[in-house]
Amino acid sequence: MTGERLTPIVHRRVFNCYLVAEQDGLTLVDTCPSSAAPKVLATIRALRVPLRRVLLTHAHRDHVGGLDILARAVDGEPEVIIGRREAALLAGDYSVRNGETEPGPNPRSYGHPDTRPTRLVDDGDQVGSLRVIATPGHTPGHISLVDVRDGTLLAGDAVSTIGRTAVSGDLVWRWPFPAMSTWSKEVALDSARRLLDERPARIASGHGPVVGDAHASLEAALSRAD
Ligand SMILES: [Zn+2]
């Protein structure tokens, strides 16, 4: 079901990160926890294509935990890219920003790699073939990505697909952690509606299998969560 450009890496059955093939090499979307680094590196080496970029959907530990190991281990210096708002959280600044109505996020969920971002992105920016969609809610600066070549939605934790497709903040007992670590369910629901409008072809989320019937499953997830 995955597009041929997408290589999912699944760690301990529940943690996903993805390699996206571009003309100049690979973009790694999220890193998985640090314990997944050997598998991520082995997958990159097996593809025999250089890693050019690490693109982070958000700064939770299970998405950025491998960054330092990977940045040291790969040849060259891959770009490290994260949303502008999320960069503060990656740096350990949990202060509430203008316009945010929720209390500050819970510091315990966030990772703090030594490796610093080299580029900050905003809604509508493009990184290779991936268009950035601001999807705050799970975290204040969470971003999702759409591969403009084939409509694959790399949703980070805006959507989880373990057990069933669920919008961030909607508790699924089989995998309750994304909901438990969600900053604002209300904001997350607005972001999920935005993702529905994108009419993605498939959903590649941070936790769970790639889902092919993206529009229908996202619509059902939204109606359950509302
Ligand atoms: Zn998360």
Side-chain angles (χ1 to χ4, degrees), residues 8-18 28-37 40 54-68 70 80-94 96-97 100 102-113 115 117 121 130 132-145 153-192 194-195 203-211 218 221 225:
I9 301 168
V10 184
H11 178 60
R12 293 182 182 160
R13 296 189 179 190
V14 289
F15 300 104
N16 299 338
C17 49
Y18 297 90
L28 176 67
V29 176
D30 291 339
T31 71
C32 289
S34 56
S35 52
V40 175
V54 181
L55 177 50
L56 303 168
T57 61
H58 65 298
H60 277 165
R61 197 175 296 134
D62 56 330
H63 293 254
V64 306
L67 181 60
D68 286 339
L70 297 172
V80 178
I81 306 163
I82 192 167
R84 191 174 303 280
R85 170 67 183 95
E86 198 76 357
L89 300 158
L90 191 71
D93 173 2
Y94 303 105
V96 176
R97 299 300 162 95
E100 291 177 358
E102 301 286 333
N106 181 355
R108 281 189 302 181
S109 307
Y110 291 83
H112 305 296
T115 308
V121 290
L130 303 178
V132 174
I133 306 170
T135 46
H138 182 69
T139 63
H142 189 288
I143 58 170
S144 300
L145 307 150
L153 169 64
L154 292 123
D157 283 358
V159 180
S160 160
T161 57
I162 290 186
R164 61 174 167 81
T165 302
V167 171
S168 180
D170 182 18
L171 194 70
V172 178
W173 286 110
R174 223 176 119 194
W175 186 247
F177 306 108
M180 288 160 63
S181 59
T182 288
W183 169 64
S184 168
K185 182 178 177 182
E186 196 183 336
V187 177
L189 284 176
D190 283 343
S191 290
R194 215 181 144 201
L195 293 179
I203 303 171
S205 80
H207 306 282
V210 175
V211 167
L218 202 50

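Because only heavy atoms are used, hydrogens play no part in the values below, and waters and symmetry mates are left out as well, while side chains stay in. Both counts, for ligands and for their atoms, begin at 1 and track the order of listing.
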| said: Determine whether a donor-acceptor pair (N or O, by modelled atom type, separation under 3.5 Å) exists between the side chain of S109 and the backbone of R61. | reply: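 No.
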| query | Would you find a donor on one side and an acceptor on the other, under 3.5 Å apart, between the side chain of D30 and the backbone of G156? | reply |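 Looks like no, no N/O pair under 3.5 Å.
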| request: Sort by chain and number the protein N/O/S atoms found under 2.8 Å from the Zn ion (ligand 1). | output: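 Atoms qualifying: H58 NE2, H60 ND1, H138 NE2, D157 OD2.
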| said: Would you say that T31 contacts V54 through its side chain, given a criterion of any heavy-atom pair below 4.5 Å between the two side chains? | reply: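 Answer yes - side chains close enough.
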| said: Within the 3.5 Å criterion, strictly below it, is a donor on H60 or T139 matched to an acceptor on the partner's side chain? | reply: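 On atom types as modelled, these side chains do not qualify, holding no pair under 3.5 Å.
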| Do we see a donor-acceptor contact under 3.5 Å between the side chains of T135 and S144? |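 Yes, side-chain donor-acceptor contact under 3.5 Å.
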| task | Let me know which of T161, D62, N16 forms a side-chain hydrogen bond (donor to acceptor under 3.5 Å, both in side chains) with H207. | result |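 Result for side-chain hydrogen bond (donor to acceptor under 3.5 Å, both in side chains) with H207: D62.
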